[in-house]
Number of protein chains: 2
Amino acid sequence: MVIASRPLRADAARNREKLLAAAAALFGERGLDVPMEHIARRAEVSIGTLYKHFPTREDLVAAIFPERLAALDVIGEKALADPDPWRAFVGYLEDLYALQAADRGLNDVLARDLPNAPEVVSACHRGAGHVETLIMRAIAAGTLRPDYSVTDMATLTRAMAQVIRDSPDEWRRFLSIYVEGLRS
Amino acid sequence: MVIASRPLRADAARNREKLLAAAAALFGERGLDVPMEHIARRAEVSIGTLYKHFPTREDLVAAIFPERLAALDVIGEKALADPDPWRAFVGYLEDLYALQAADRGLNDVLARDLPNAPEVVSACHRGAGHVETLIMRAIAAGTLRPDYSVTDMATLTRAMAQVIRDSPDEWRRFLSIYVEGLRS
DNA sequence: GTGCAAGTCGAGGGTTGCCTCGAATTAGCG
DNA sequence: CGCTAATTCGAGGCAACCCTCGACTTGCAC
């Protein structure tokens, strides 16, 4: 469904890249809510140019995060490859929150609804699919409490997002306690 | 240390009460960040009058929450009265988060640093004292993991604050999972 | 070269929220 | 009653962030 639009002019393409780089950096450092002006300034481009390329903040998010969310697929595959269902599930959680802890923007993306960024949403759906499988396998193996669900994971993810924001060093310990509670 | 200032004029006293009532209501409904203008409007008083009585938001918080935080003492005493250390500890958590879930402002107060509201801080310290005792008793009884600490509780409280904000119905389930992880 | 569509720029208008200050009002003492 | 100090009022200045639009600049097709 990509409309075949004529290619960008050279300067425009350059500015687009500078904007993406600036936004990627600032989202990572400060989260999704950095002022648009800051992004433009870091890209050494005027605010008008920013809006020309990305009329809304979500356009920017949608241009940046699908690639990063591919990391979710990677850790999902990695976990699914582990023959031990419990270790696979717990490993997934650890990898996921390590990613969130390393990227403030990703942390925000995963804790927030982004209705207008379908690529982001679908990446999350893919992630949820992995999670679903990991949960079912661990339940079937009798190691995970049988009533655990993807909904619980979503709640956990929002809680973890907060823990990571407040105290970047304590999320592992918090997670390990929670995970203990999941054993059946 | 209360300075013996002459009593407020009748109309001023009335307005002060109206402001406190309005702020109490709005903090409870919308959290600590309601615009000052909204508080003034709900109190049917001008914004200038609000600032005359409470020069900063924290003054308002400090005037309202110490009383509410007394509830922490109540549930603390209640828990300490329970002869079963584990049930006491878990009961305290449930009571605490039920309070937070019922009062958006309290939820904010307990998840946030309020450096300029010493009465609030000291109420939190008292609460932490209760928690400390409950934790030590449960550890001594061998039912709580021996490395649990007040710091962990603080982290939990911030996480719970987020869960409560996002999904007011799921905090009990989230807590019960976490609590399972605390057994030793 | 030249011309024009494409792109850039940034001042400025809009919004929301914070807080101040001087003019107008009024409680309550004597 | 008056008088005065205490109180009230709200327009308006300030700041942060949003986003638009018309004038200017420039890449590039010919």
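Every chain is numbered from 1, with letters handed out A, B, ... down the list of sequences.
- Partners of B/T56 by side-chain hydrogen bond (donor to acceptor under 3.5 Å, both in side chains), not counting sequence neighbours, listed by chain and number: B/D59.
- Residue A/T49 places at least one side-chain N or O closer than 4.0 Å to OP1 or OP2 of C/dC9.
- Within the 4.0 Å cut-off from OP1 or OP2 of D/dT7, not a single side-chain nitrogen or oxygen of B/N15 is found.
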Identify the pairs formed between an N or O of the protein and an N or O of nucleotides 24-26 of chain D at a distance under 3.5 Å, and give each distance.
from, atom 1, to, atom 2, distance (Å)
D/dT26, O2, A/R9, NH1, 3.3

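- A donor-acceptor contact under 3.5 angstrom links the side chains of A/D152 and A/S149, judged on distance only.
- In this structure A/E58 satisfies the salt bridge (charged side-chain N to carboxylate O under 4.0 Å, His left out) test with no other residue, sequence neighbours excluded.
- Atom C1' of nucleotide D/dG10 and atom CD of B/E44 are separated by 16 Å, given to the nearest angstrom.
- Under the side-chain hydrogen bond (donor to acceptor under 3.5 Å, both in side chains) criterion, A/E94 pairs with no residue at all, not counting sequence neighbours.
- Distance NZ (A/K18) to C1' (C/dT8): 11 Å, rounded to an integer number of Å.
- Residues meeting the salt bridge (charged side-chain N to carboxylate O under 4.0 Å, His left out) test with A/D84, sequence neighbours left out: none.
- Contact between the side-chain N/O atoms of A/K52 and the OP1/OP2 oxygens of C/dT8 is not found at any separation under 4.0 Å.
- For the segment residues 25-32 of chain A, the set of residues with a heavy atom within less than 4.0 Å of an atom of DNA chain D is empty.
- A straight line from CZ of A/R16 to P of C/dT8 spans 12 Å, rounded to a whole angstrom.
- Residue pairs meeting the salt bridge (charged side-chain N to carboxylate O under 4.0 Å, His left out) criterion with at least one partner in residues 125-141 of chain B, sequence neighbours excluded, are B/D73-B/R126.
- Whole-Å rounding puts the A/L8 CG to C/dT8 P distance at 9 Å.
- Remark: A/R165 engages A/D108 in a salt bridge (charged side-chain N to carboxylate O under 4.0 Å, His left out) (not counting sequence neighbours).
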Between the protein and nucleotides 18-22 of chain D, list every N/O to N/O distance that falls short of 3.5 Å.
from, atom 1, to, atom 2, distance (Å)
D/dC18, OP1, A/R57, NH2, 2.4
D/dC18, OP2, A/M36, N, 2.9
D/dC18, OP2, A/E37, OE1, 3.4
D/dC19, OP2, A/Y51, OH, 2.7

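- B/D147 pairs by the side-chain hydrogen bond (donor to acceptor under 3.5 Å, both in side chains) definition with A/R173, B/R145, not counting sequence neighbours.
- For A/K52, there are no side-chain hydrogen bond (donor to acceptor under 3.5 Å, both in side chains) partners two or more places apart in sequence or in a different chain.
- With values rounded to the nearest 0.5 angstrom, A/L80 atom CG is found 12.0 Å from A/F89 atom CZ.
- What separates NE2 of B/H53 from P of D/dT7 is a distance of 7 Å, to the nearest Å.
- Judged as a salt bridge (charged side-chain N to carboxylate O under 4.0 Å, His left out), and not counting sequence neighbours, B/E37 has no contacts.
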